[in-house]
Novice: 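Below: one structure in structure tokens.
Labels below follow one simple rule: chain letters A, B, ... track the order of the sequence lines, proteins then strands, and each chain is numbered from 1. Predicted model, so just to flag it, every value in this text is computed and none were measured.
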Number of protein chains: 2
Amino acid sequence: MSTTGNGEVGEPLPTGDLFLRLDRSGRIPLYYQIAEIIEAAIADGTLPTGIRLENEVSLGERLGISRPTIRRAIQELVNKGLLVRRRGIGTQVVQRPVTRKFELSGLYDDLLRGSRNPTTDLLVREVVPADAETAKILSVPEGVDVLHLRRLRYADGVPLAVLENSLPIEFASIADDDLRTRGLYGVLQGRGTQISVAYQQVGARGATAEEGRLLGIPEGAAVLTMERTAYNNDGRAVEFGRHCYRPDLYSFEMTLVNS
Amino acid sequence: MSTTGNGEVGEPLPTGDLFLRLDRSGRIPLYYQIAEIIEAAIADGTLPTGIRLENEVSLGERLGISRPTIRRAIQELVNKGLLVRRRGIGTQVVQRPVTRKFELSGLYDDLLRGSRNPTTDLLVREVVPADAETAKILSVPEGVDVLHLRRLRYADGVPLAVLENSLPIEFASIADDDLRTRGLYGVLQGRGTQISVAYQQVGARGATAEEGRLLGIPEGAAVLTMERTAYNNDGRAVEFGRHCYRPDLYSFEMTLVNS
DNA sequence: GAGTGGTCTAGACCACCGG
DNA sequence: CGGTGGTCTAGACCACTCA
């Protein structure tokens with residue numbers, strides 16, 4: 001039986017029982033399985049906040065897994081901000097309130113995860129020549145046709161955000177119903193387009209008259225804004241969005257980790 | 001001489017000359033040196049947007065460096081959103097406009113990097129008993145003394161942000177002058193406190209009368225808000241901040257990468 | 001089938017921390 | 001000093017993509 005001290009005593013740890021479900025023959029990488037098990041143990045309190053983890057070498061030996069694989073699993077959780085490593089000391093669970101992580105996903109899935117029922121009105125859907133800015137961002141010649149969308153997103157029936165997007169013309173065949181019943185990223189994924197990188201900028205400004213009308217707030221009231229350019233896994237821009245949110249109903253959460 | 005095709009032709013690449021400066025005996029990790037060289041090559045156009053990188057195995061052989069080390073260097077840049085990898089295809093430079101990355105750093109250093117001269121007014125600096133919320137966030141008992149700060153941050157002489165922070169009492173000895181001439185994170189680092197994780201939430205609201213006066217905007221005008229809790233490398237909370245920014249002068253930029 | 005990245009192993013040595 | 005994480009090596013096999 002292995003032990004993991006908390007700095008003062010060397011108590012036996014429940015971690016000994018956590019790793020019985022490793023599947024070495026399946027498609028899921030070992031490091032991923034290990035990371036998920038540890039993450040779940042943190043989430044349900046089996047690994048309390050502030051506790052020191054078993055060291056990498058002994059954990060690897062105990063599970064019959066090489067140290068680089070163990071390290072990779074732990075690194076995933078360090079990157080998520082759940083663990084902290086210190087040379088010469090050990091690895092600890094970060095002491096913190098529960099916070100959801102910030103991922104590359106659309107608003108729709110974000111609302112789904114938060115159990116806020118998302119729905120969508122399709123306000124505008126047109127094919128128009130790209131203006132200079134859109135053309136530059138999407139890396140197409142100016143004046144070439146692009147798909148332009150304007151949607152109103154609700155959460156639990158309450159208007160939450162005005163979503164304005166431009167996409168290359170190859171996406172013009174997207175069905176209206178898909179846009180109404182799914183998130184844009186879900187639709188793109190269904191067409192085999194995987195988003196792998198996105199750059200976004202979050203700011204604020206006063207609402208325009210139309211935004212105020214759509215969102216049910218006065219003109220000039222504060223809205224939270226986000227501009228995002230998303231790139232395919234071959235590095236090409238597939239979507240440019242300019243969105244605004246009701247700030248009392250939505251905010252951006254994120255975790256930052258020091259290299 | 002090695003070659004790296006761009007998908008159509010197999011042209012010789014200038015990358016052959018890029019890796020002459022590797023220092024194997026110094027303190028800087030090899031993977032870090034390699035990542036920096038590639039990043040610089042992307043930044044100055046030596047590795048143009050969309051180009052395919054030399055494959056991992058051959059790059060490793062050519063440099064006399066093992067493949068895991070090469071992979072780690074490339075992974076750093078994938079995490080920064082500069083490169084995209086596809087199995088069976090190769091590694092490409094992401095096609096994108098130049099964007100600064102989003103790091104765990106304070107506003108002060110952020111402004112410095114952007115060559116916007118940051119200065120600070122210290123409006124409030126007091127030791128007060130922690131209210132319930134602050135106590136919970138900082139993981140101290142309610143009513144225990146904490147250091148409370150209120151600062152006004154300028155960029156190029158223009159008021160930019162109202163910064164409100166609470167810190168554990170051990171930081172009460174921070175000098176006023178340090179707070180006026182440096183960023184909070186710089187001061188903490190100077191005291192040997194390294195921030196390693198932070199959770200933040202970005203939103204918007206209307207400015208209060210006082211915020212409007214300080215920032216030179218009307219009461220009720222939109223401000224961008226950020227709340228952040230920062231944790232030490234031993235996992236303890238060291239700072240809680242509640243800030244608001246003039247949205248015409250500041251916004252948050254970030255890069256998101258799909259797992 | 002050839003070439004690519006994705007995963008994994010079994011070691012090694014080092015740097016840093018605490019007692 | 002012993003224990004920890006940080007780096008690095010030299011291989012291996014697999015999954016995927018494209019011609």
Novice: I need the B:Met254 CE to A:Met226 CE distance, nearest 0.5 Å.
Specialist: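 Spacing of CE (B:Met254) from CE (A:Met226) equals 8.5 Å.
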Novice: Does the gap between the ring centers of A:Tyr199 and A:Tyr231 come in under 6.0 Å?
Specialist: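 Yes, the ring of A:Tyr199 comes within the 6.0 Å limit of the ring of A:Tyr231, centre to centre.
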Novice: To the nearest Å, how far apart are B:Leu59 CG and C:dT4 P?
Specialist: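 Distance, rounded to whole Å: 12 Å.
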Novice: Specify the residues of residues 190-197 of chain A, ordered by number, for which at least one heavy atom lies under 4.0 angstrom from an atom of DNA chain C.
Specialist: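 The stretch gives none, as no residue of it lies under 4.0 Å from the strand.
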Novice: Salt bridge check: are A:Arg67 and A:Glu61 linked by an N-O gap of less than 4.0 Å?
Specialist: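 The answer is no: the pair does not qualify as a salt bridge.
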Novice: Hey, which sits more toward the 5' end of DNA chain D by its nearest nucleotide, A:Arg27 or A:Ile74?
Specialist: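 The 5'-side residue here is A:Ile74.
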Novice: Write down the distance between CZ (A:Arg52) and C1' (D:dG5), rounded to a whole number of angstrom.
Specialist: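 For the pair A:Arg52 CZ and D:dG5 C1', the rounded distance is 11 Å.
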Novice: Using a cut-off of less than 4.0 Å, is there contact between a side-chain N or O of A:Thr91 and OP1 or OP2 of D:dG5?
Specialist: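 Indeed, a polar side-chain atom of A:Thr91 lies that close.
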Novice: With a 4.0 Å cut-off on N to O distance, would you call A:Arg71 and A:Glu76 a salt bridge?
Specialist: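 The answer is no: the pair does not qualify as a salt bridge.
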Novice: With the threshold set at 4.0 Å, does a side-chain nitrogen-carboxylate oxygen contact exist between B:Lys136 and B:Glu142?
Specialist: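 So B:Lys136 does not pair with B:Glu142 through a salt bridge.
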Novice: Nearest 0.5 Å, what's the CG-CG distance between A:Leu59 and A:Leu53?
Specialist: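 Reported value, rounded in 0.5 Å steps: 7.0 Å.
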Novice: Please identify each residue that fulfils side-chain hydrogen bond (donor to acceptor under 3.5 Å, both in side chains) with B:Asn165, with sequence neighbours left out.
Specialist: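 Per chain and number, B:Asn165 pairs via side-chain hydrogen bond (donor to acceptor under 3.5 Å, both in side chains) with B:Arg151, B:Glu239, B:His243.
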Novice: Please state whether the phosphate of D:dT4, meaning OP1 or OP2, lies under 4.0 angstrom from any side-chain nitrogen or oxygen of A:Asn55.
Specialist: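 Checking D:dT4 against A:Asn55, a side-chain N or O does come within under 4.0 Å of OP1 or OP2.
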Novice: Between A:Arg85 and A:Glu56, is the closest basic N to carboxylate O distance under 4.0 Å?
Specialist: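 Judged by the 4.0 Å cut-off on N to carboxylate O distance, A:Glu56 and A:Arg85 do form a salt bridge.
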Novice: Treating primed atoms plus P, OP1 and OP2 as sugar-phosphate and everything else as base, which nucleotides of nucleotides 6-14 of chain D get B, S or - for protein heavy atoms under 4.0 Å?
Specialist: BBSBB-B--
